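Below is one structure, written out as structure tokens; the observations come after it.
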Amino acid sequence: MSRGWFAVTGPPVWHKNYPVAQGNRQSPIDIIPHQTSHDPGLGPITLNYDQCTSINITNNGHSVVVEFEDPDDRSVILGGPLDNPYRLKQFHFHWGGKGCHGSEHTVSGNSYASELHLVHWNAVKYKTFGEAATAPDGLAVLGIFLETGDDHRWLHMITDALYMVKFKGSVTDFKAFNPKCLLPSSLHYWTYLGSLTTPPLHESVIWIVLKEPIIVSEKQLGKFRMLLFTGEEEDERIRMENNFRPPQPLKGRKVRSSN
Ligand SMILES: NS(=O)(=O)c1ccc(C(=O)NCC(F)(F)F)cc1
Ligand SMILES: [Zn+2]
């Protein structure tokens, strides 16, 4: 079947401009639960999001992103594999085409319908997000799988805003949204050292992937597919879908399990 636009301009050709695409700690990966090591020293993660300040929602041509104010430690992730608190910067999603799965990480070769990434940065050791994004312990991304089933009671707050950011480069206000409403009931996780999954693919991410997916409806997921990869001024309208990178070689890395 014809590989989509993202598959032609996307992952298979990234290594030409970003040789790190073939590096030793690339993401995503296939997580094989029984091959992960349970590390009793690995504590629980804590998400202090109650004082978070969301700013806007934007279509950056790769995904739809909700950005947060990060002038202080008002909203952080801490604990687990992290030595410092990491500040919430943004969250975004990856998804498939109609009926196709679209998560980035897979579990025993199985992919989920979609994957939510909450991106945090180490403001203790680095002065800016940009600096942290190039450091080996600069970022911590919390990955949450989305599985289709009933409507998610809060996801409509995001999907209702998507028509405002249909075109690449569009942005609209998105205040007072707390992503805590998008978490599953369990915070049990797998963790490993990896990278950004889109160019420049910096190997700067401590990945924390939750084991329990959240449930959203096919209808809600379908609204993400009305977004476009292309800008308002472009002739060709290319639907934003299948914006996920496939799993990358583990290269001997250990995946640890919280329990
Ligand atoms: N899909 S992901 O791995 O969570 C992911 C998270 C963040 C970024 C990002 O900020 N790129 C811009 C930067 F940092 F300047 F390179 C890209 C991908
Ligand atoms: Zn992502």
Side-chain angles (χ1 to χ4, degrees), residues 6 9-11 14-15 17-21 23-31 45 47 54-70 75 77 81-82 86-96 101-106 111-123 125-146 158 168-169 171 179 182 189-210 213-214 221 224 227 229 240-248 253 255:
F6 187 76
T9 63
W14 286 345
H15 69 93
N17 293 329
Y18 307 95
V20 73
N24 295 325
R25 57 173 280 189
Q26 288 292 292
S27 292
I29 58 168
D30 179 42
I31 297 167
I45 55 169
L47 300 169
S54 63
I55 309 167
N56 59 34
I57 186 168
T58 180
N59 174 337
N60 66 8
H62 311 289
S63 180
V64 58
V65 189
V66 172
E67 295 176 303
F68 289 80
E69 300 262 4
D70 57 351
S75 41
I77 180 173
L82 306 174
Y86 283 61
R87 284 184 193 169
L88 178 62
K89 175 77 180 160
Q90 52 106 320
F91 70 78
H92 62 273
F93 298 82
H94 302 264
W95 59 90
H101 282 176
S103 66
E104 298 213 296
H105 291 90
T106 55
S111 60
Y112 284 88
S114 170
E115 189 172 330
L116 161 61
H117 288 158
L118 292 130
V119 183
H120 311 74
W121 64 285
N122 186 340
K125 287 184 68 174
Y126 308 104
K127 284 195 290 303
T128 64
F129 174 84
E131 185 191 344
T134 61
D137 59 349
L139 303 182
V141 182
L142 183 66
I144 301 176
F145 293 120
L146 278 66
I158 291 173
K168 171 181 174 183
V171 56
L182 298 177
Y189 62 88
W190 295 292
T191 183
Y192 76 98
L193 297 181
S195 75
L196 301 179
T197 65
T198 58
L201 302 168
H202 292 321
E203 297 188 327
S204 59
V205 182
I206 297 170
W207 277 96
I208 298 169
V209 180
L210 296 187
I214 60 169
L221 217 47
F224 284 86
L227 297 166
F229 277 125
M240 186 179 278
E241 54 188 21
N242 298 308
N243 58 349
F244 61 92
R245 189 189 193 190
Q248 301 302 306
R253 284 174 283 178
V255 180

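When reading the values below, keep in mind they use all heavy atoms of this one structure, side chains included, and skip hydrogens, waters and symmetry mates. Counting starts at 1 for both ligands and their atoms, following the listed order. Just so it is clear, the model here is predicted, and its values are computed rather than measured. We number each residue from 1, following the sequence as shown.
With hydrogens and angles ignored, the 3.5 Å screen pairs no side-chain donor or acceptor of Ser114 with any backbone N or O of Leu146. The main-chain N or O of Trp95 is never found under 3.5 Å from a side-chain atom of Glu241 such that the two would form a donor-acceptor pair.
Neither the backbone nor the side chain of Phe244 has a heavy atom within less than 4.0 Å of ligand 1. Of all the heavy atoms of His92, the ones lying under 4.0 Å from any atom of ligand 1 belong exclusively to the side chain. Using a 4.0 Å cut-off between heavy atoms, Val141 contacts ligand 1 through its side chain alone, with no backbone atom that close. With a 4.0 Å cut-off on non-hydrogen atoms, Thr197 touches ligand 1 through its backbone as well as its side chain.
Of all atoms in ligand 1, numbered sequentially from 1 with element shown, those under 4.0 Å from a heavy atom of Trp207 are 3 (O), 4 (O). Close contacts between ligand 1 and Phe129 involve ligand atoms 10 (O), 14 (F) [criterion: under 4.0 Å to a heavy atom]. Close approach to Ala133 involves these atoms of ligand 1, each under 4.0 Å from a residue heavy atom: 14 (F).
The distance from atom OH of Tyr126 to atom CH2 of Trp121, rounded to the nearest 0.5 Å, is 11.5 Å. Note that CZ of Phe91 is 12.0 Å distant from CG of Leu142, once rounded to the nearest 0.5 Å. Asn243 contributes atom CG, which lies 9.0 Å from atom CG of Leu227 (distance to the nearest 0.5 angstrom). Atom NE2 of His62 sits about 8.5 Å away from atom CE of Met240, to the nearest 0.5 Å.
The atom name of the N/O/S atom in His117 closest to the Zn ion (ligand 2) is ND1. In His92, the N, O or S atom that comes nearest to the Zn ion (ligand 2) is NE2.
Contact annotation: Pro200 has at least one heavy atom less than 4.0 Å from an atom of ligand 1. At least one heavy atom of His94 sits closer than 4.0 Å to an atom of ligand 1.
The single protein non-hydrogen atom nearest to atom 8 (C) of ligand 1 is Leu196 CD2, 3.8 Å, given as residue, atom name and distance. Protein heavy atom nearest atom 18 (C) of ligand 1, with residue, atom name and distance: Thr198 OG1, 3.3 Å.
Taking the charged nitrogens against the carboxylate oxygens, Arg87 and Asp70 have no contact shorter than 4.0 Å, which rules out a salt bridge.
Just one of His15, Gln26, His202, Arg25 meets the side-chain contact (heavy atoms from CB on, under 4.5 Å) condition when paired with Val20; it is Gln26. Screening Tyr192, Tyr112, Tyr189 for a ring pair (Phe, Tyr, Trp, His ring centres under 6.0 Å) with His105, the sole residue that qualifies is Tyr192.
Distance check on atom 12 (C) of ligand 1: every protein heavy atom falls at or beyond the 4.0 Å cut-off. For atom 15 (F) of ligand 1, no protein heavy-atom neighbour is found at a distance under 4.0 Å.
Between Pro136 and Ser204 there is no side-chain heavy-atom pair separated by less than 4.5 Å.
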